[in-house]
Amino acid sequence: MALITKAIKGTKDVLPKDIHKNQYVEAVMSDVAQRFGYREIRTPTFEYTQLFQRGVGDTTDVVQKEMYTFDDKGGRSITLRPEVTAGAVRSYLENGLCNEALPQKVCYLGPCFRYEKPQAGRLREFHQFGAECFGTSSPLADAELIAFAKQIFDELGVSGLSLEINSIGCPTCRAEYHKALKEYFSSKSDELCDTCRDRLDRNPMRILDCKSPVCSEIASGAPVVTDYLCDECREHFEKVREYLSIMNIEYTVNPKIVRGLDYYTKTVFEFISNEIGAQGTVCGGGRYDGLVKELGGQDTPALGFGMGIERLMLLMEAQNAEFPPAPVPDLFVVAMGDKATAKAIDIVKDMRAEGFSAIMDTNQRSLRAQLKYADKLGAKYSVIIGDNEVDNGVTQLKNMETGEQQEIELNMFVSGFYNITLSDQLEDIEINGEELDFASLFGLNKNEQQGEE
Ligand code: ATP
Ligand code: MG
């Protein structure tokens, strides 16, 4: 088997022809993050296994079944991160961010690894954009975090996502709830799957998250957590809802949402799509007031979300979302012969220094082949330089879209390029659907302006 020419199951290449789409999505995310006061944090893609066992929770599917865990050559147990929050908290504590002005707001974008059954929207290496906010218990922070995620969807033009929220309380009120859940599920324990029977004692709330049809059918009749909230958690949840309303953010309360990770308290939320199949949760998050302490820090209320880039992009494709066009070269320089090549080297150098994308054929092929290549690359402009052009100091700059040619001086290439391309752009400007004729606007004769043709 030719394993070396096959990517690992559940991993994905993003090819050069598509990369601008990812870059666009990432740019929107980091721009929105900046406007919400979040700064990027980059943490390693692997950490000690204990961090995730402690942080994500020993009873979760993620830790029990989905982690890429191995011993390194020094015999340490290492895990490829299945999520970023645990590492972000580790870094927050280790680097003393906890001593800086609170709340500390950080965001990240990077790969995560989970050994899951690959399918549409479910990969073994996937990418998450996420945000964490440390040091605030205010319900306004919960609402703002949700607004942050929503702003990203809005700016990417993604529509039709439903926001579902819930409160899963604090350890105090959850004790009561766990008791009620245990009682309910115990009476049906023979029907539960093996994993859930195991969960019954250790973490009955996990049963609500089970994907098996029988378990989820049974779970649909289970007591709901919102009936068990203590006063503080209930008031907190009411405030979150109030702030969401002030922000004009639509949501539904879904008492079945518990999230797959152990660290959540109080608010949890998901943005769900019904357009990308079974893996519809594009973003999930919530409050995790106990995690920082659990990982050795001071008692620190905190919250965050994680957004799956691949799922988001599946949804964007499904909705025929608009992406900016793939970037193309501004200029292709066809050079024929040694003298011309030397001149072309100068020109592309100057153009690149000026910020343009300028390409020449390093293969020094025939004129035809070079023009064909320029066309394939989608270059906006091209010039042909041969011995004659070098001797005369001029050539024709060709607009590859319109075919129009204009004279350009080789020794003043960059300024000539500006002149010609700017006037081309101005001609493209339309006002009220009518093309603006800049030449007549400034009392110029267009032909004169462009030189004799
Ligand atoms: P699911 O219920 O789909 O398994 P989850 O609850 O495990 O999701 P989180 O741990 O909250 O997901 O991760 C946040 C987001 O990361 C998800 O909403 C999803 O968009 C994305 N995500 C999680 N696991 C995968 C995966 N295996 N492949 C692609 N994206 C994923
Ligand atoms: Mg999962």
Side-chain angles (χ1 to χ4, degrees), residues 7-12 14 22 25 29 52 55-57 59-68 79-89 107-132 145-146 148-150 152-153 156 158 161-166 168 195 203 205-212 215-216 219 254 256-265 267-288 291 303-318:
I8 291 177
K9 207 172 136 187
T11 67
K12 210 171 125 270
V14 181
N22 288 62
V25 167
M29 286 172 168
F52 301 113
V56 176
T59 63
T60 58
D61 277 3
V62 172
V63 170
Q64 290 202 331
K65 306 186 214 159
E66 297 172 3
M67 294 208 304
Y68 277 93
T79 294
L80 303 186
R81 66 180 183 197
E83 53 96 66
V84 184
T85 303
V89 174
C107 62
Y108 58 82
L109 194 154
C112 296
F113 308 86
R114 295 186 192 178
Y115 194 74
E116 302 197 71
K117 192 165 165 254
Q119 51 203 289
R122 196 177 287 292
L123 294 149
R124 289 183 173 173
E125 181 185 28
F126 62 100
H127 295 77
Q128 269 191 7
F129 172 80
E132 319 287 355
L145 184 76
I146 291 171
F148 173 11
K150 185 174 184 300
I152 292 173
F153 297 130
L156 288 173
V158 173
L161 282 171
S162 63
L163 167 62
E164 305 198 352
I165 66 171
N166 191 21
I168 56 173
T195 322
N203 193 346
M205 235 163 71
R206 286 270 75 78
I207 304 177
L208 299 174
D209 205 37
C210 182
K211 306 280 192 294
S212 116
C215 295
S216 41
N254 177 354
K256 290 277 152 8
I257 289 188
V258 296
R259 309 290 308 126
L261 315 175
D262 264 358
Y263 48 59
Y264 287 110
T265 52
T267 318
V268 288
F269 63 88
E270 293 186 0
F271 284 89
I272 304 171
S273 161
N274 56 16
E275 294 172 67
I276 50 171
Q279 272 56 247
T281 303
V282 179
C283 173
R287 188 167 268 292
Y288 49 85
L291 182 61
L303 62 165
F305 68 72
M307 195 180 274
I309 301 285
E310 287 83 2
R311 279 188 207 177
L312 171 62
M313 293 191 63
L314 269 182
L315 179 59
M316 289 180 73
E317 299 284 354

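Counting convention: from 1, in listed order, for ligands and their atoms alike. Residue indices begin at 1 and follow the sequence shown.
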Is the NZ or CZ atom of Arg81 positioned over Phe52's six-membered ring, under 6.0 angstrom from the centre and within 45° of the axis? no
Looking only at protein heavy atoms, what sits closest to atom 1 (P) of ligand 1 is Arg122 NH2, 3.6 Å
Note: heavy atom closest to atom 9 (P) of ligand 1, options Arg259, Gln279, Glu83, belongs to Arg259
In this structure, atom 18 (O) of ligand 1 is nearest to the protein heavy atom Thr281 O, 3.1 Å
Looking at non-hydrogen atoms alone, which of Glu116, Met307, Glu270, Arg114 comes nearest to atom 12 (O) of ligand 1? Arg114
May I ask you to test the Asn22-Met313 pair for a side-chain heavy-atom distance under 4.5 Å? yes
Distance only, no hydrogens: is a donor on one side chain within 3.5 Å (strictly under) of an acceptor on the other, for Gln128 and Glu83? no
Identify the two heavy atoms, one from Val258 and one from Val268, that lie closest to each other, and give their separation to 0.1 Å. O-CG1, 4.5 Å
What residue and atom, counting heavy atoms only, is the protein's closest point to atom 26 (C) of ligand 1, and at what distance? Phe126 CD2, 3.5 Å
Shortest non-hydrogen contact from Gly55 to Tyr263? O-CD2, 3.0 Å
Between Tyr68 and Glu125, does the side-chain hydrogen bond (donor to acceptor under 3.5 Å, both in side chains) criterion hold? Intermediate values first, please. CA-CA 10 Å; Tyr68 277 93; Glu125 181 185 28; over 6 Å; no
Is the contact between Glu125 and ligand 1 made by the side chain, the backbone, both, or neither, using heavy atoms and a 4.0 Å cut-off? neither
Give the numbers and elements of all ligand 1 atoms closer than 4.0 Å to a heavy atom of Leu123. 26 (C), 27 (N), 28 (N), 29 (C)
Closest to atom 21 (C) of ligand 1 among protein heavy atoms sits Gly308 CA, 3.7 Å
Phe129 and Phe305 aromatic ring geometry - parallel, tilted or perpendicular at 30°/60° bounds: tilted
Please identify which atoms of ligand 1 are closer than 4.0 Å to at least one heavy atom of Val282. 18 (O), 20 (O)
Name the closest protein heavy atom to atom 2 (O) of ligand 1, giving the residue it belongs to and the distance to 0.1 Å. Lys211 NZ, 3.6 Å
With side chains defined as the heavy atoms from C-beta onward, is the minimum distance between Phe113 and Glu66 less than 4.5 Å? no
If you measure from atom 13 (O) of ligand 1 to every heavy atom of His127, Gln128, Lys12, which option wins on shortest distance? Gln128
Quick test: of every protein heavy atom, which one is nearest to atom 8 (O) of ligand 1, and how far off is it to 0.1 Å? Arg311 NH1, 4.3 Å
